[in-house]
Amino acid sequence: MNASEHGMTTGTEFSGAVGLVLARPARLLGVEPFFMEFIAGIEERLAERGLSVLLHVVGTQEAEIAAYRRWAAQGLVDTVVVVNRTVDDKRLPVLRELGLPAVLVGAGSDDAGDAADGGGPGMPAVRTDDAGPVREALAHLLDLGHRRIARVSGPAALLHTRARTAALVEGCREVGVEPVVVEGDYSDEAGARLTEELLRRPEPPTAILYDNDVMAVAGLGAAQRMGVSVPDRLSLIAWDDSTMCRLASPPLTTMSVDVHQYGVLVAESVLELVDGRPVAERWSPTARCVPRGSTARCTVPSATA
């Protein structure tokens, strides 16, 4: 596919592909709906222009960087979408070195891949407010009287994990609460194991927030196997709404976001970048708390204010 088919006038040959590398266990993609919905949104918009997504799943960030080098050397993609930003992200300097255009996904309001990631001009980003939704979820739990609150996070190296944890810790401290934060990896195994560990503590939490739906559903199962009734003795909130959350028993309270529309917005930025136009600043759809049957008023006397 050449430039004229993209509506461009540079005369450069184009691949017609947008690269997306996911550095995560491939088995998670089969049970975690987020990325499939996200990719569907990107594909839907790109297809209108005859473009497609080249998806590659790897185990580490180093393997992801190696994929970028191969793609750049072979001219396989016109641009890439970079997800799961990390502290001291090594990918951005490499992309600048390769001259491979990129759209960052999930950068916060003060983070756009600028000098802190290796110098040079900032990269276009579709930004995300991770702190605001955490404060909303926390307010929901506090209103229900919960004071022993825990969080099962994703990997701590991820920027959005750190932003969510910081928002929870700050919000809790404002009301004199010290939350417990444990690190997971988005898998059902981590969700179940960490929930069991939390519930075995001398003063177990009366409410747990999870960083994705898979860990939350697994946590619900673990609590039920331990005889801890949800929501009578334990309230649960999942980040990312999905069918599995709605079909759980009880249905899970979630931080719900339009993931498909998120993908569409990323595709809009990609198209502007590929066309050589200024890339507009965009924000992902805001996650909102959707109360369901897994949250209720705290009934543990020693755990309330």
Side-chain angles (χ1 to χ4, degrees), residues 22-29 31-35 57-64 83-91 105-108 111 128-135 137-138 141 146 148-173 177-223 225-226 228 234-240 242 244-245 252-255 257 287 294:
L22 298 181
R24 61 200 294 108
R27 62 185 175 80
L28 289 183
L29 295 180
V31 295
E32 187 180 35
F34 177 89
F35 274 110
V57 181
V58 298
T60 65
Q61 192 174 94
E62 289 70 24
E64 180 176 348
V83 299
N84 287 336
R85 295 289 313 286
T86 62
V87 179
D88 299 323
D89 203 315
K90 297 178 175 63
R91 295 170 295 177
V105 173
D111 172 57
T128 298
D129 176 13
D130 286 296
V134 171
R135 288 191 288 267
L138 177 59
L141 293 176
H146 293 279
R148 295 211 303 254
I149 296 170
R151 164 169 156 75
V152 178
S153 79
L158 297 176
L159 292 182
H160 68 258
T161 296
R162 294 199 172 196
R164 293 175 188 177
T165 297
L168 179 69
V169 170
E170 180 182 0
C172 283
R173 286 179 177 168
V177 171
E178 190 69 31
V180 175
V181 179
V182 293
E183 180 182 358
D185 62 2
Y186 298 130
S187 69
D188 55 342
E189 294 90 348
R193 174 177 53 82
L194 293 171
T195 300
E196 291 172 1
E197 292 176 3
L198 288 168
L199 294 179
R200 290 194 182 102
R201 294 170 67 95
E203 291 191 340
T206 63
I208 306 176
L209 298 92
Y210 297 84
D211 244 358
N212 76 339
D213 46 1
V214 174
M215 292 195 297
V217 171
L220 170 63
R225 287 191 297 273
M226 295 177 69
V228 178
L234 177 67
S235 287
L236 306 179
I237 297 181
W239 193 293
D240 295 335
S242 67
M244 71 174 72
C245 290
L252 289 176
T253 295
T254 63
M255 300 308 298
V257 63
S294 68

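- Taken from CG in Asp185 to CG in Asp211, the straight-line distance is 11.5 Å, to the nearest 0.5 Å.
- Closest heavy-atom contact between Arg225 and Ala192: NH2-CB, 4.0 Å.
- Under the 4.5 Å side-chain criterion, counting only non-hydrogen atoms from C-beta, Leu209 is in contact with Ile149.
- A 4.5 Å side-chain heavy-atom check between Met244 and Val214 finds at least one atom pair inside the cut-off.
- Taken to the nearest 0.5 Å, the CZ atom of Arg135 stands 13.5 Å off from the CZ atom of Arg164.
- In this structure Asp213 satisfies the side chain to side chain donor-acceptor pair (under 3.5 Å) test together with Ser242, sequence neighbours excluded.
- For the pair Glu183 and Leu194, the tightest heavy-atom approach, listed with the atom from each and the gap, is O-CD1, 3.4 Å.
- Contact record, Ser294 with Leu236: OG-O, 2.6 Å, taken as the closest heavy-atom pair.
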Practice problem: Go through Val217 and Asp188 one step at a time and tell me if the side chain to side chain contact (heavy atoms under 4.5 Å, CB included) criterion holds. | Solution: CA-CA 8 Å; Val217 171; Asp188 55 342; over 6 Å; no

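- Using a distance-only test at 3.5 Å, with no hydrogens or angles considered, a donor-acceptor pair links the side chain of Asn212 to the main chain of Tyr186.
- Looking at Ser153, its side chain never comes within 3.5 Å of a backbone N or O of Thr161 through a donor-acceptor pair.
- Judged purely by atom type and a 3.5 angstrom limit, Arg85 has no side-chain atom pairing as donor or acceptor with the backbone of Val105.
- Remark: Cys172 SG to His146 NE2 distance equals 12.5 Å, nearest 0.5 Å.
- Atom-to-atom distance recorded for Arg148:CZ and Ile208:CD1 is 11.5 Å, nearest 0.5 angstrom.
- In plain terms, the two heavy atoms of Glu196 and Ala222 that are nearest each other are CG-CB, 3.9 Å.
- Under a 4.0 Å N-O distance rule, the pair Glu197/Arg201 does not qualify as a salt bridge.
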Practice problem: Could you walk me through whether Phe35 and Asn84 pass the side chain to side chain contact (heavy atoms under 4.5 Å, CB included) test, one step at a time? | Solution: CA-CA 11 Å; Phe35 274 110; Asn84 287 336; 4.0 Å; yes

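- Val134 and Leu168 get closest at one heavy-atom pair: CG1-N, 3.6 Å.
- No donor-acceptor pair closer than 3.5 Å links the side chain of Thr253 to the backbone N or O of Ile237.
- Screening Asp240, Thr254, Thr195 against Tyr210 for a side-chain hydrogen bond (donor to acceptor under 3.5 Å, both in side chains) leaves a single residue, Thr195.
- Side-chain N/O atoms of Thr128 and His160 include no donor and acceptor closer than 3.5 Å.
- Across every non-hydrogen atom of Pro205 and Leu234, the tightest pair is O-CD1, 3.6 Å.
- The closest side-chain donor-acceptor pair between Arg151 and Thr165 falls under 3.5 angstrom.
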